[in-house]
Every structure is written in C-alpha cells, then in structure tokens.
S.K.: 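Quick one: structure below, then a few questions.
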Number of protein chains: 2
Amino acid sequence: MLDLAILGLLSEHEFHGYEIRKRLRDDLGLFANISFGSLYPALSRLELSGAVIGTESVGAAPASAPIPLTGSLGGERAAMRSRRAGTTRGTKRSRKVYRITDTGRRAFEGLLAAEEPVGTDEARSFGLRLAFARHLAPQARLGLLERRRDQLIRRLAADRARVAAGGDFDSYTRSLVEHSTDTTQHDISWLDSLIESEKQKQATPPTDNRSARTVGGRSPAAKGTEL
Amino acid sequence: MLDLAILGLLSEHEFHGYEIRKRLRDDLGLFANISFGSLYPALSRLELSGAVIGTESVGAAPASAPIPLTGSLGGERAAMRSRRAGTTRGTKRSRKVYRITDTGRRAFEGLLAAEEPVGTDEARSFGLRLAFARHLAPQARLGLLERRRDQLIRRLAADRARVAAGGDFDSYTRSLVEHSTDTTQHDISWLDSLIESEKQKQATPPTDNRSARTVGGRSPAAKGTEL
DNA sequence: ACATGATATATCAGATCGATATATCGATGC
DNA sequence: GCATCGATATATCGATCTGATATATCATGT
C-alpha cells in the first residue's frame, strides 16, 4: 500500500524520503504521519526491485553506484562533512533523491488498477487510489468507485444488522453504532455523486477530458453548509 | 490496543478465541475481522502476563494446569478425539476458554483510562474506548470525549489548511479532501452532542445514573433522516 | 459419497508503527 | 558568543497487526 503511495508521488516528481513523508501528510492527509520505519525500508525495497533509483544528492562527488545499503556509509559521511554550501545552495544535509523507472511506472499502473484487497484499511486504500485516479483509464476509474460503493453497502448492511439484532448495547455503544451508520450513509452518497459525475463525463467525450473541474456536485464555494 | 478489546470483552463474560473475534466483528464492528495472527498471540501474551487464564474446555479431564503453550497438545487431542456429545452438548471442538483475573481487571482499567496514543488509528482507538466507557469514572469519561474532540479539531484545521494552501489538486483529490473535511465536521458535532449529554447526566446525579438512555440527542426512532 | 462452509486453534512471513540514534542547520534567547 | 530548540534528513529496532496457510471437527447440502 505504501508502495503505491510512493510510486504515485514519484510518477509526477522526484523526491527524497523525508519529503515524501511531508507530501503524504500535508497534501493528501492520508498516512497522517508515515513512520520512517515504514518509509525507508519501502524505498530500499523499491530500489532493490528496480522500481526506483536513488541518487545521493551532494552536488560534487556523483556517487553513481547504488550503494549496498549496509555499506561503508561512514566514508560518504566524512566526505560530506567538510563540504558546505555547494552548487545547490541551502541543502540541509545529504539527501537521497529517488526517481521512478519504467519498471516502477509499470508497477504503479499495476498496483493502481489491481483489485483492492478487502479488509486492509479499506478507507485509506480507496482514498489513495482516488488521489491517483487521474492515471486510470475511465472505465477502470468507474470500477474503482463502484467497488468502493459495494464495500460501503456491505458495511451499511452490517451496521444495520448490528442495530437490529443487538439491543444489549449501552448508550455509548449504541451511539457509536448509530454514528457509524450515519457516516457510512454519508460516504455512500458521496460515492454516488462521484459515480454520477464520472458517468456524465464519460458520456460527453467530445471536449477535452483532461483536468476536469468540480467533480462531486458541490461547488468549491459551498463549503460548511452542514452543521 | 487489541489487549484492551480482549480484556474489555472478558471483563463481562468468559470467551474462547474464536468467539472473541466474532464479538468484535458482529457486536462492535471495530476490528472488522481481526486476524488470528493477532488474536492468538495476544491471548498468549495476556496469559503469560497473568491477565487472563485459559482453560481447555473439554468437559471431563479438568486440565487445571495452565498448559505451557508449546506443550504436548497431541495428548489432549487424542483424549478428546474419542469423546463426543459430552455434558455440554454441541461443542464443536476443543476450545480454550479465557477468564479475566484481578490482574487483568487492573490492566484493563489502566489501559482504558490511559492517555490515548496519538496517531495510532485514532478512530478505532476512540471507538473501542467509547464502547467500554461505562467502566470509566464520569470525569474520566468526559476527558475521553474531550480529548477526542481536540484530536478532531486539529484534524479539521489540517484539512482546511490543505484546502487553503494547496490548489494544485485535481478534481478527485479535491473531492477527497472536501469529503474528509465534511466527515470531520460531522464527527465533531457528534462528539459535541455526546459531551453535552454527558455533562447533563453528571449535573443531575440524584436519580439512578447506571444504564442511562438515549445518549447523543437522537431518539432511537430518528434513523435515516439524512440523504 | 463428496464438497462446502462454519467452528476452532496455531504459525509464518511481511508490512507498519513508535521509539530511538545520529547529524546538520536556522532561529531564538540570554 | 553560545546554548538550546525545532526542523531537516536518514537509518534501525522491537513489537504488533495482517493475510495466508495448515490442521481438524462437524453440519449441511447435493
């Protein structure tokens, strides 16, 4: 799942690890604060598989070799300790910048179009795919939305079954279940509006279909209408 | 986190592993389908720490010893293979029934009242604590609700900052962020109603304050009003 | 007779998280 | 001048959680 996020970001721009974390946190809001213990191993994984290429960004000293992960880092560290304010003024520290490869691009397409694994943090998985939905073919995009809708319909049925069958809930648990039901309904109606606007867009292909505006039926100015 | 869920369930009734999974799935809806790879190690962990005691439920053959986990299970299996339709008619298979101890009860109180770890699946963590909120002292309960509200306020601020600062979102990402904002607002208003009704309940302590009804301000009959 | 699915426990590899270590740099304060 | 703090940046560790798989019993359907 993190692989998809990383490859998605790198498919548009090159980044170093720390900045990938920031983008995921500040831009998307998914992966609230991705752990370094996930991020750096994931980058190593992707580099080993050839999906990305990481180059030590120092200015001088190209260091073109891939660097075997558990190698003599001390050498590079020492070589960098003396250098300061090189060609790229203001670089804080040795950063390893990652670029996506053709292999990585294919892996990204595959991950994005793949059948979503059920149960594995479904909301996050969907949100991530939606954020990169522009890279999907129109009918694959529609499939993504409709599969998510089906998930939510099943969730709603489960919620309703809990309310109906249960009954030995205390007031807190009951409120929790009811709120969950409400939220699921809200999500479904959101999905419905996304699906409808997607179908409309696909029904009228004559105009330029890149960079569509105002998906979801709510104008950008109509915020904060509820509550 | 799973420890809290398990101890919470066991604080009210004894269960075997498989049934704990079902309760978490069917009753609460949290931990959609907890993995056995989490559940059984967690039970072993809790048993080792003395929080729970697991007894092989066979009917005859008391098997009072705690059984050292990686022991001679084959013996019990063989002894059980012949037996069928014993005293407790209908028991499918050898089940290990877990009971909470006094140590476990103290651990549960501690976990429930503990400061919630931020960032670690906050929604799930809060939902779990709310489901067991009746075991909390009134002011601790209020603290739980207000800490959650603070979390959501911070989340809302982050959502709004994303909408304001960003701008280079495509339509799908923009819709995602807007929906996230809406959902957070909805959650906050829910929390507000929970907090208000909790304060009201605590302001009027003369009547019996166990088993309070209709927390959250929505009558049980007022379902499905939105959409 | 045979397959399927529910019940029940257990283990494994892999992914992720929180904590921690290390190091550089800018700003803030005294 | 200097010390401390927070942001930047990479890396590793242990613990936990997930999905997959294995094993076994029993009921139900075909």
S.K.: Just to verify, which of B:L30, B:L128, B:I6 counts as forming a side-chain contact (heavy atoms from CB on, under 4.5 Å) with B:M1?
M.R.: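 The side-chain contact (heavy atoms from CB on, under 4.5 Å) with B:M1 is passed solely by B:L128 among B:L30, B:L128, B:I6.
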
S.K.: Consider side-chain contact (heavy atoms from CB on, under 4.5 Å). Of A:L28, A:L191, A:L145, A:L136, which one does A:L130 pass it with?
M.R.: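 By the side-chain contact (heavy atoms from CB on, under 4.5 Å) criterion, A:L130 pairs with just one of A:L28, A:L191, A:L145, A:L136: A:L145.
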
S.K.: Bend angle of the helix from C:dA1-D:dT30 to C:dC30-D:dG1 from five-pair axes at both ends, rounded to 10°?
M.R.: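 For the helix from C:dA1-D:dT30 to C:dC30-D:dG1, the axes at opposite ends meet at about 30°.
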
S.K.: Can you measure B:R95 atom CZ to C:dA10 atom P for me and round it to whole angstrom units?
M.R.: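 To the nearest whole Å, that distance equals 14 Å.
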
S.K.: Between CZ of A:R155 and CG of A:D150, what distance do you get to the nearest 0.5 Å?
M.R.: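 The CZ atom of A:R155 sits 15.0 Å away from the CG atom of A:D150.
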
S.K.: Atom CG of B:L46 and atom C1' of D:dT16: how far apart are they, to the nearest Å?
M.R.: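 Checked: the CG to C1' distance equals 13 Å.
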
S.K.: Between C:dA19 atom C1' and A:L39 atom CG, what is the distance in whole Å?
M.R.: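 Between C1' of C:dA19 and CG of A:L39: 16 Å.
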
S.K.: Taking all non-hydrogen atoms of both residues into account, name the closest pair between A:P117 and A:R129 and its distance.
M.R.: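 Residues A:P117 and A:R129, closest heavy atoms: CD-NH2, 4.0 Å.
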
S.K.: Heavy-atom count check: over 12 atoms from other residues, nucleotides or ligands less than 6.0 Å from A:I53 CD1?
M.R.: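 Counting neighbours around CD1 of A:I53, 12 or fewer heavy atoms of other residues, nucleotides or ligands fall under 6.0 Å, so no.
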
S.K.: Can you name the closest pair of heavy atoms from A:S180 and A:D159 and give their distance?
M.R.: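 Nearest pair, atom of A:S180 first, then A:D159: OG-OD2, 3.1 Å.
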
S.K.: What's the CD-C1' distance between A:E115 and D:dG19, to the nearest Å?
M.R.: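 Atom-to-atom, A:E115 to D:dG19, this comes out as 17 Å.
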
S.K.: Can you name the atoms? Protein N/O to nucleotides 13-16 of chain C N/O, anything below 3.5 Å, with the distance.
M.R.:
unit_1	atom_1	unit_2	atom_2	d
C:dT16	OP1	A:L2	N	3.3

S.K.: Could you tell me the separation between the NE2 atom of B:H16 and the C1' atom of C:dA6, rounded to a whole number of Å?
M.R.: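 The distance from NE2 of B:H16 to C1' of C:dA6 comes to 12 Å, rounded to the nearest Å.
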
S.K.: Taking DNA chain C as the partner, which of residues 18-29 of chain B come within under 4.0 angstrom of it by heavy atom?
M.R.: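 Contacting residues: B:Y18, B:K22.
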
S.K.: Would you say B:T120 places a side-chain N or O within less than 4.0 Å of OP1 or OP2 belonging to C:dG18?
M.R.: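 Checking B:T120 against C:dG18: at least one side-chain N or O falls below 4.0 Å of OP1 or OP2.
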
S.K.: Report yes if a side-chain nitrogen or oxygen of A:Y40 is closer than 4.0 Å to either non-bridging phosphate oxygen (OP1 or OP2) of D:dA11; otherwise report no.
M.R.: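 Looking at the OP1 and OP2 atoms of D:dA11, neither is under 4.0 Å from any side-chain N or O of A:Y40.
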
S.K.: So which of B:R105, B:R99, B:R134, B:R23 actually passes salt bridge (Lys or Arg N to Asp or Glu O under 4.0 Å) with B:E12?
M.R.: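 Only match with B:E12 under salt bridge (Lys or Arg N to Asp or Glu O under 4.0 Å): B:R134.
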
S.K.: Using atom CD of A:E56 as one end and atom P of D:dT10 as the other, report the distance to the nearest whole Å.
M.R.: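 It works out to 8 Å between those atoms.
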
S.K.: Measure from the side-chain heavy atoms of A:F36 and tell me the nearest of D:dA11, C:dA8, D:dT18.
M.R.: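 Nearest listed nucleotide: D:dA11.
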
S.K.: Does A:V118 reach a base, just sugar-phosphate, or nothing at all? Heavy atoms under 4.0 Å.
M.R.: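 Sugar-phosphate, backbone atoms only, no base.
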
S.K.: Under the side chain to side chain contact (heavy atoms under 4.5 Å, CB included) rule, collect the residues that match up with A:P41, sequence neighbours excluded.
M.R.: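 Counting only residues at least two positions away or on another chain, A:P41 forms no side chain to side chain contact (heavy atoms under 4.5 Å, CB included).
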
S.K.: Quick one: list whatever passes salt bridge (Lys or Arg N to Asp or Glu O under 4.0 Å) with A:E109, sequence neighbours left out.
M.R.: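 Salt bridge (Lys or Arg N to Asp or Glu O under 4.0 Å) check on A:E109 returns nothing, list empty.
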
S.K.: Quickly work out the B:L43 CG to D:dT16 C1' distance and round it to whole Å.
M.R.: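 Atom-to-atom, B:L43 to D:dT16, this comes out as 14 Å.
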
S.K.: Taking salt bridge (Lys or Arg N to Asp or Glu O under 4.0 Å) as the criterion, tell me which of B:E47, B:E56, B:E19 meets it with B:K96.
M.R.: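 Exactly one candidate clears the test, B:E47.
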
S.K.: Search all heavy atoms of A:E116 against all heavy atoms of A:S125 and return the closest pair with its distance.
M.R.: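 Taking A:E116 first and A:S125 second, the nearest heavy atoms are CG-OG, 4.3 Å.
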
S.K.: In whole angstrom, what separates A:E122's CD from D:dG19's C1'?
M.R.: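 Distance, rounded to whole Å: 14 Å.
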
S.K.: Suppose we screen for salt bridge (Lys or Arg N to Asp or Glu O under 4.0 Å). Which residues come up paired with A:D3, at least two apart in sequence or across chains?
M.R.: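 A:R45.
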
